[in-house]
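First comes the structure, then the notes that go with it.
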Amino acid sequence: MVNSLGNRLLNGLFPQCCALCGFASESHLPLCAGCKADLALNTHACLRCAIPLPPMAGPGAEARICGTCLQQPPAFARAIAPWIYEEHLAHLIQRWKYRSERWLTPLLSSLMAESGASPHNVDLLVPVPMHWRRRWHRGYNQSELLAYQLLRNSPGFAHARVDTALTRRNRATRAQSGMRAGERRANLRGAFTVMRPCDNLRIAIVDDVLTTGATAATIATELAAAGAARIELWCLARTPAPGL
């Protein structure tokens with residue numbers, strides 16, 4: 001209640017402008033209702049990898065697993081990505097990541113929080129680590145920003161914490177786009193190290209956009225080998241499969 005009142009007072013004194021259309025957002029966040037309605041919810045998705053699936057009616061329609069995950073289940077128990085990575089959301093994410101517009105972090109974290117991820121089911125939020133050279137060049141790790149903002153905005157996370165030192169990226173890897181599955185695995189082989197035991201911990205890997213899932217699967221495999229009891233992947237958006 002106090003936060004809600006404070007947000008209304010701040011919006012009255014310093015009205016926010018929508019980061020997409022530029023008009024008043026009528027909210028404490030820089031996104032108006034109209035532009036938010038233009039974002040694409042990832043409503044019909046695989047429970048394991050969150051890839052968008054064609055709509056389907058009837059019993060079990062919301063509990064589907066894609067063919068790829070049935071044949072080769074990923075190392076994480078489930079992936080949550082509430083939005084589809086389309087042009088409007090891509091515009092916001094690219095400004096945030098590549099133009100240093102870190103002021104968009106609360107907005108993107110708020111959108112991510114609509115995923116339904118339960119804070120009571122995790123002990124650690126582990127951001128996907130960046131290689132030190134890439135982090136030095138960018139100045140920050142966007143996955144860390146999301147994880148800390150989620151923790152800050154969600155009272156249910158009181159018992160959980162962000163751990164940025166649990167995993168380490170050992171070397172810079174080539175961009176995964178355009179690679180086949182085998183090439184992606186080879187590119188990521190030995191790329192990550194878990195720095196200490198994770199006995200019985202429930203861990204959520206945090207990232208911004210889920211594309212192939214290869215990076216998260218590699219990290220999840222290492223966490224499982226270190227003793228983690230359950231691993232989930234929490235992302236803001238999921239890229240659709242070609243043709244959808």
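These figures come from a predicted structure and were not determined experimentally.
Atoms CD1 and SG, on Ile231 and Cys198 in that order, are 8.0 Å from each other to the nearest 0.5 Å. Here the CG atom belonging to Leu124 is positioned 5.0 Å from the CZ atom belonging to Arg161, to the nearest 0.5 angstrom. Note that CG of Leu31 and OG of Ser25 are 7.5 Å apart. Values are rounded to the nearest 0.5 Å. Here the straight-line distance linking atom CZ of Phe76 with atom OG1 of Thr221 works out to 9.0 Å at 0.5 Å rounding. Within the model, atoms CZ of Arg95 and NE2 of His91 stand 4.5 Å from one another, a figure rounded to the nearest 0.5 Å. With rounding to the nearest 0.5 angstrom, the SG atom of Cys235 is 9.5 Å from the CD1 atom of Ile80.
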After noting the C-alpha distance and the side-chain angles of Thr215 and Arg169, does the key distance pass the side-chain contact (heavy atoms from CB on, under 4.5 Å) rule? CA-CA 11 Å; Thr215 297; Arg169 188 183 285 261; 4.2 Å; yes

Go through it in stages, so that I can follow the logic: the residues are Leu166 and Val194, the test is side-chain contact (heavy atoms from CB on, under 4.5 Å), and I'd like the CA-CA distance, side-chain angles, deciding distance and then a yes or no. CA-CA 6 Å; Leu166 181 61; Val194 176; 4.0 Å; yes

Hey, mind stepping through Leu89 and Leu111 against side-chain contact (heavy atoms from CB on, under 4.5 Å) and telling me if it holds? CA-CA 10 Å; Leu89 189 55; Leu111 292 173; 4.2 Å; yes

Worked check of side-chain contact (heavy atoms from CB on, under 4.5 Å) between His44 and Arg64: CA-CA 9 Å; His44 308 280; Arg64 290 185 292 165; 3.9 Å; yes

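At least one side-chain heavy atom of Gln142 sits less than 4.5 Å from a side-chain heavy atom of Met130. Contact check for Leu146 versus Trp234: no side-chain heavy atoms found under the 4.5 Å cut-off. Between Asp208 and Met112 there is no side-chain heavy-atom pair separated by less than 4.5 Å. Between Ile219 and Phe192 the shortest side-chain heavy-atom distance falls below 4.5 Å. Counting only heavy atoms from C-beta outward, the side chains of Thr68 and Cys49 never approach each other to under 4.5 Å.
Trp83 places no side-chain N or O within donor-acceptor distance of the main-chain N or O of Leu39, the cut-off being under 3.5 Å. With hydrogens and angles ignored, the 3.5 Å screen pairs no side-chain donor or acceptor of Arg238 with any backbone N or O of Ala45. No donor-acceptor pair closer than 3.5 Å links the side chain of Asp163 to the backbone N or O of Val126. Looking at Ser110, its side chain never comes within 3.5 Å of a backbone N or O of Pro106 through a donor-acceptor pair. In this structure, Asn141 contributes its side chain and Arg135 its backbone to no donor-acceptor pair below 3.5 Å. Between the side chain of Gln149 and the backbone N or O of Arg152 there is no donor-acceptor pair closer than 3.5 Å. Side chain of His28 to backbone of Gln16: no donor-acceptor contact under 3.5 angstrom is found. Listed for the Arg230 side chain is no donor-acceptor partner under 3.5 Å among the backbone atoms of Val122.
Nearest heavy-atom pair, Ala50 versus Leu210, reported as atom, atom and distance to 0.1 Å: CB-CD2, 4.4 Å. Among all heavy-atom pairs drawn from Thr193 and Asn170, the shortest one is OG1-ND2, 2.7 Å. Shortest non-hydrogen contact noted between Cys21 and Cys35 is CB-SG, 3.7 Å. Here the shortest heavy-atom pairing between His88 and Leu20 reads O-CD2, 3.9 Å. For the residue pair Ala24 and Cys32, the shortest heavy atom distance occurs at O-CB, 4.0 Å. Considering all non-hydrogen atoms of both residues, Ile84 and Pro240 come closest at CG2-CD, 4.0 Å.
In this structure, Trp96 is a member of the same hydrophobic cluster as Tyr148, with clusters built from ILVMFWY side-chain heavy atoms closer than 4.5 Å. Clustering ILVMFWY residues whenever any of their side-chain heavy atoms sit less than 4.5 angstrom apart, transitively, puts Leu92 in the very cluster that holds Tyr140. If you chain together hydrophobic residues whose side chains sit under 4.5 Å apart, Ile93 and Leu41 fall into the same group.
Under the salt bridge (Lys or Arg N to Asp or Glu O under 4.0 Å) criterion, Arg168 pairs with no residue, sequence neighbours left out. Residues satisfying the side-chain hydrogen bond (donor to acceptor under 3.5 Å, both in side chains) criterion with Asn42, sequence neighbours excluded, are absent altogether.
The neighbour count for Lys36 NZ, taken as heavy atoms of other residues, nucleotides or ligands under 6.0 Å away, does not exceed 12.
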